[in-house]
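Keep in mind that the numbers below use all heavy atoms, side chains included, and drop hydrogens, waters and symmetry copies.
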Amino acid sequence: MTTPQQPKVLYTKEEIAERVARLAQQISTDYQGKCPLLLGILKGSFVFMADLIRLLQIPVEIDFISLSSYGSAKVTSGKVKVVQELRFPIKGRDVLVIDDIVDTGLTLRFFMDYLRKKKPLSLKLCALFDKPSRRQTPISIDYLGFTVPDKFIVGYGIDYNEQYRYLPDLCVMED
Ligand code: IMP
Ligand code: MG
């Protein structure tokens with residue numbers, strides 16, 4: 001029998017909390033006097049979104065969207081489908097997309113272009129983790145938590161085959 005892979009801590013929950021607080025501060029300053037729509041990409045962003053919004057000092061609205069990518073568990077194919085349409089019109093709104101990790105960038109390339117066509121007043125991106133070494137298409141991240149090495153990460157909402165989302169720290173899978 002093979003032993004299950006053991007995730008190793010890369011960032012502790014305290015380090016993440018500190019970074020999330022700084023992002024919340026930055027976002028609150030930049031959107032002062034506005035009520036942006038925070039649009040989380042499921043499922044990976046749900047823990048981050050929950051922590052982030054409770055530290056904001058501005059009013060916000062929240063929605064989530066499911067995107068399906070046709071690829072294996074560890075790689076994105078670049079063929080992305082919006083599983084469910086947006087529940088609110090975003091025309092004229094300040095939209096801030098919340099994602100867990102930007103890897104090849106193919107998912108966000110598709111989704112940001114899809115949103116831009118709906119004519120939001122502004123459109124920005126906040127991602128907690130970035131793996132720039134893997135990028136296949138340029139993506140500008142307006143609010144970034146951490147840059148991570150080219151390793152498969154799990155925890156803090158992020159999965160490997162639907163496992164490990166519940167880990168409070170950000171971990172890397174051992175090879
Ligand atoms: P991209 O299209 O390659 O940028 O990847 C998009 C999505 O793939 C991310 O939002 C994650 O949901 C998932 N993903 C990418 N890298 C990792 C990883 O290291 N661990 C877990 N999920 C990942
Ligand atoms: Mg994601």
Side-chain angles (χ1 to χ4, degrees), residues 16 19-21 23-132 134-146 153-162 165-166 170:
I16 298 172
R19 197 66 193 96
V20 173
L23 288 172
Q25 187 60 56
Q26 246 183 304
I27 292 168
S28 301
T29 304
D30 293 355
Y31 289 89
Q32 194 66 52
K34 298 177 176 168
C35 178
L37 173 66
L38 269 53
L39 197 48
I41 301 180
L42 289 173
K43 303 176 192 171
S45 70
F46 83 106
V47 174
F48 176 36
M49 177 78 105
D51 283 347
L52 180 72
I53 58 167
R54 286 176 292 172
L55 296 169
L56 292 172
Q57 288 145 30
I58 49 161
V60 290
E61 287 176 23
I62 307 294
D63 204 358
F64 286 97
I65 190 138
S66 269
L67 302 176
S68 83
S69 156
Y70 310 93
S72 68
K74 286 192 177 180
V75 280
T76 311
S77 66
K79 293 194 198 104
V80 183
K81 200 173 95 180
V82 177
V83 172
Q84 198 182 16
E85 260 299 313
L86 293 172
R87 274 168 289 248
F88 304 115
I90 60 162
K91 190 169 179 186
R93 297 292 312 264
D94 291 299
V95 176
L96 178 58
V97 173
I98 309 290
D99 203 3
D100 52 357
I101 171 162
V102 186
D103 187 37
T104 63
L106 295 170
T107 308
L108 279 167
R109 163 93 290 129
F110 166 87
F111 189 55
M112 298 303 271
D113 291 349
Y114 167 89
L115 292 177
R116 208 167 282 116
K117 285 188 197 130
K118 297 184 182 289
K119 305 262 188 294
L121 183 62
S122 69
L123 181 62
K124 287 199 202 180
L125 172 64
C126 171
L128 189 53
F129 302 105
D130 182 23
K131 239 194 261 179
R134 300 242 319 149
R135 200 73 91 253
Q136 289 182 27
T137 180
I139 293 288
S140 87
I141 305 175
D142 302 282
Y143 304 98
L144 173 67
F146 301 89
I153 62 169
V154 294
Y156 197 72
I158 302 169
D159 77 308
Y160 171 52
N161 276 343
E162 294 305 325
R165 290 193 199 275
Y166 49 82
L170 196 273

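- Contact of the Lys118 side chain with the Pro89 side chain is not registered, since no non-hydrogen atoms from C-beta on lie closer than 4.5 Å.
- Contact of the Leu170 side chain with the Ile153 side chain is registered, since non-hydrogen atoms from C-beta on lie closer than 4.5 Å.
- Atom CG of residue Leu106 and atom CZ of residue Phe111 lie 15.5 Å apart, to the nearest 0.5 angstrom.
- Here Ile65 contributes atom CD1 and Arg87 contributes atom CZ; the two are 7.5 Å apart, rounded to the nearest 0.5 Å.
- Not one N or O on the side chain of Arg134 forms a donor-acceptor pair closer than 3.5 Å with the backbone of Gly105.
- Among Leu125, Leu128, Leu96, the one residue that satisfies the side chain to side chain contact (heavy atoms under 4.5 Å, CB included) test with Tyr143 is Leu96.
- Looking at Leu115 and Leu86, their side chains come closer than 4.5 Å, going by heavy atoms from C-beta outward.
- Taking the charged nitrogens against the carboxylate oxygens, Lys117 and Asp113 have no contact shorter than 4.0 Å, which rules out a salt bridge.
- Annotation: the span from Asp142 atom CG to Leu23 atom CG amounts to 11.5 Å, rounded to 0.5 Å.
- Using cut-offs of 30° and 60° on the angle between ring planes, the pair Phe129 and Phe146 is parallel.
- Nearest heavy atom pair, residue Thr107 against residue Val80, reads CA-CG2, 3.8 Å.
- Counting all heavy atoms, side chain and backbone alike, Pro59 lies closest to Pro36 at O-CD, 3.6 Å.
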Check residues 39-58 and write down every donor-acceptor pair under 3.5 Å in which the side-chain atom is one partner and the other belongs to a residue at least two apart or another chain.
{"residue": "Lys43", "atom": "NZ", "partner": "Glu162", "partner atom": "OE1", "Å": "3.1"}
{"residue": "Ser45", "atom": "OG", "partner": "Ile41", "partner atom": "N", "Å": "3.2"}
{"residue": "Ser45", "atom": "OG", "partner": "Ile41", "partner atom": "O", "Å": "2.8"}
{"residue": "Asp51", "atom": "OD1", "partner": "Arg54", "partner atom": "NH2", "Å": "3.0"}
{"residue": "Asp51", "atom": "OD2", "partner": "Tyr156", "partner atom": "OH", "Å": "2.6"}
{"residue": "Arg54", "atom": "NE", "partner": "Ala50", "partner atom": "O", "Å": "2.8"}
{"residue": "Arg54", "atom": "NH2", "partner": "Ala50", "partner atom": "O", "Å": "3.4"}

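- Going from atom CG of Asp100 over to atom CD1 of Ile158 covers 4.5 Å, rounded to the nearest 0.5 Å.
- By the 4.0 Å N-to-carboxylate-O rule, Asp94 lies too far from Lys124 to be salt-bridged with it.
- Annotation: the span from Ile90 atom CD1 to Leu37 atom CG amounts to 7.5 Å, rounded to 0.5 Å.
- Although no hydrogens or angles enter the test, the distance criterion places a donor-acceptor pair under 3.5 Å between the side chain of Arg19 and the main chain of Leu144.
- The line from CD of Gln26 to OH of Tyr31 is 11.0 Å long, rounded to the nearest 0.5 Å.
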| Steps toward side-chain contact (heavy atoms from CB on, under 4.5 Å) verdict (Val82, Leu67) | CA-CA 5 Å; Val82 177; Leu67 302 176; 3.8 Å; yes

| task | Output, in order, the C-alpha distance, side-chain angles, deciding distance and verdict of side-chain contact (heavy atoms from CB on, under 4.5 Å) for Asp130 and Arg135. | result | CA-CA 9 Å; Asp130 182 23; Arg135 200 73 91 253; 2.6 Å; yes

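- Listed for the Arg93 side chain is no donor-acceptor partner under 3.5 Å among the backbone atoms of Leu123.
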